[in-house]
Amino acid sequence: QVQLVESGGGSVQAGGSLRLSCAASVYIYTRHCMAWFRQAPGQEREGVAAIAHGSTRTYYADSVKGRFTISQDNAKNTLYLQMNSLKSEDTAMYYCAARLWYGGSCDAVLAVNFDYWGQGTQVTVSS
C-alpha cells in the first residue's frame, strides 16, 4: 500500500530553519512526482515544491524560492524540504503528496492531481 509519513515540524522563531522529512513506501519510490503542500487555517491548500524521482529538476512556489530546497534520498526512499529564513507567513500544516509520473512536468500547482497524502506536520513560525 502507498504510505507517506511526514516528520520534522515544530515551532521556530522567524529567520530560523527546519527540515521536513517524508518517508515513502517502496511502492512509490520510482515513477512518481513527489511534492510538498501546505495549508493555513481558513486558507486553501497551496503547493510549495515538487521533484520527480530520478530527476534533479525541481519546482518551487514563488513565495519560497531562494529559501526552501526540496531533495530526495534514494537509498532511504525519503523526501525532504529544507526550509531556511522562515517567515510568519510560512506557518501552516505541511503535507507530503505523490502522484504517478511518466516523464514531463512535475509540479505542485494543483492538489487535486495528487492521489496519495501524508497526515501532515505542523510548522509554526513566530515573529
Side-chain angles (χ1 to χ4, degrees):
Q1 294 183 344
V2 176
Q3 295 182 2
L4 301 173
V5 181
E6 304 99 329
S7 62
S11 299
V12 298
Q13 289 288 118
S17 299
L18 283 174
R19 187 179 73 162
L20 306 183
S21 298
C22 173
S25 67
V26 175
Y27 179 75
I28 63 170
Y29 177 70
T30 59
R31 295 181 177 177
H32 279 78
C33 173
M34 304 291 295
W36 289 97
F37 286 80
R38 65 186 182 185
Q39 187 168 24
Q43 304 296 314
E44 294 185 348
R45 189 167 298 184
E46 64 173 347
V48 176
I51 187 170
H53 280 276
S55 175
T56 58
R57 296 168 61 184
T58 55
Y59 162 88
Y60 295 98
D62 289 340
S63 60
V64 306
K65 287 181 179 178
R67 299 189 298 119
F68 291 10
T69 302
I70 189 170
S71 62
Q72 57 192 355
D73 185 329
N74 293 326
K76 297 181 178 180
N77 200 31
T78 301
L79 182 73
Y80 300 99
L81 183 68
Q82 179 66 46
M83 305 185 295
N84 298 326
S85 302
L86 284 162
K87 306 174 181 179
S88 59
E89 52 262 45
D90 294 319
T91 295
M93 183 72 74
Y94 283 71
Y95 299 91
C96 176
R99 66 172 176 85
L100 290 173
W101 177 77
Y102 304 101
S105 63
C106 172
D107 58 42
V109 174
L110 297 175
V112 70
N113 288 340
F114 289 80
D115 303 306
Y116 312 107
W117 296 83
Q119 82 288 348
T121 185
Q122 179 68 39
V123 171
T124 302
V125 184
S126 60
S127 59

Hey, any chance Tyr80 and Phe68 share a hydrophobic cluster, counting ILVMFWY side chains that come within less than 4.5 Å of each other, even indirectly?
no
Backbone N or O of Ala24 within a donor-acceptor pair of the Asn77 side chain at under 3.5 Å?
yes
Roughly how far, to the nearest 0.5 Å, is the CG atom of Asp115 from the NE2 atom of His32?
8.0 Å
I'd like to know if Leu86 and Tyr60 are part of one continuous hydrophobic network [Ile/Leu/Val/Met/Phe/Trp/Tyr, side-chain heavy atoms within less than 4.5 Å].
yes
Would a single hydrophobic cluster contain both Leu4 and Phe37, if residues Ile, Leu, Val, Met, Phe, Trp and Tyr are joined by side-chain heavy-atom contacts under 4.5 Å?
no
Grab the two heavy atoms, one from Gly120 and one from Glu6, that are nearest each other, plus how far apart they are.
N-OE1, 2.9 Å
Shortest non-hydrogen contact between Ala49 and Leu81, atoms and distance:
CB-CD1, 4.2 Å
State whether the side chain of Thr91 and the backbone N or O of Val125 hold a donor-acceptor pair below 3.5 Å, judged by distance alone.
yes
Name the orientation class of the two ring planes belonging to Tyr95 and Trp117 (parallel below 30°, tilted from 30 to 60°, perpendicular beyond 60°).
perpendicular
Give me the atom names and distance for the closest heavy-atom approach of Arg67 to Ser85.
NH1-O, 3.0 Å
If you compare all heavy atoms of Trp36 against all heavy atoms of Leu20, which two are closest, and at what distance to 0.1 Å?
CH2-CB, 3.7 Å
Answer with yes or no whether the hydrophobic clustering places Ile70 together with Met83; edges join I, L, V, M, F, W, Y residues whose side-chain heavy atoms lie under 4.5 Å apart.
yes
ILVMFWY network linking Val123 to Met93, side-chain heavy atoms under 4.5 angstrom
no
Tell me whether Asp90 is salt-bridged to Lys87, with the criterion being a basic N under 4.0 Å from an acidic carboxylate O.
no
Let me have the donor-acceptor pairs involving side chains of residues 101-114, under 3.5 Å, with sequence neighbours excluded, atom names and distances please.
from	atom 1	to	atom 2	distance (Å)
Trp101	NE1	Gly103	O	3.2
Trp101	NE1	Gly104	O	3.3
Trp101	NE1	Ser105	O	3.2
Asp107	OD1	Val109	N	3.3

How many angstroms lie between OG1 in Thr69 and CZ in Arg19, if you round to the nearest 0.5 Å?
11.5 Å
Can you give me the closest heavy-atom contact between Ser17 and Gln82, atom names plus distance?
CB-NE2, 4.0 Å
In terms of heavy-atom contacts, Ala52 and Gln72 come closest through O-NE2, 3.5 Å
The reported gap from CZ in Arg38 to CZ in Arg45 (rounded to nearest 0.5 angstrom) is 13.0 Å
Using a 6.0 Å cut-off, check whether atom CD of Gln119 has over 12 heavy atoms from anything other than its own residue.
yes
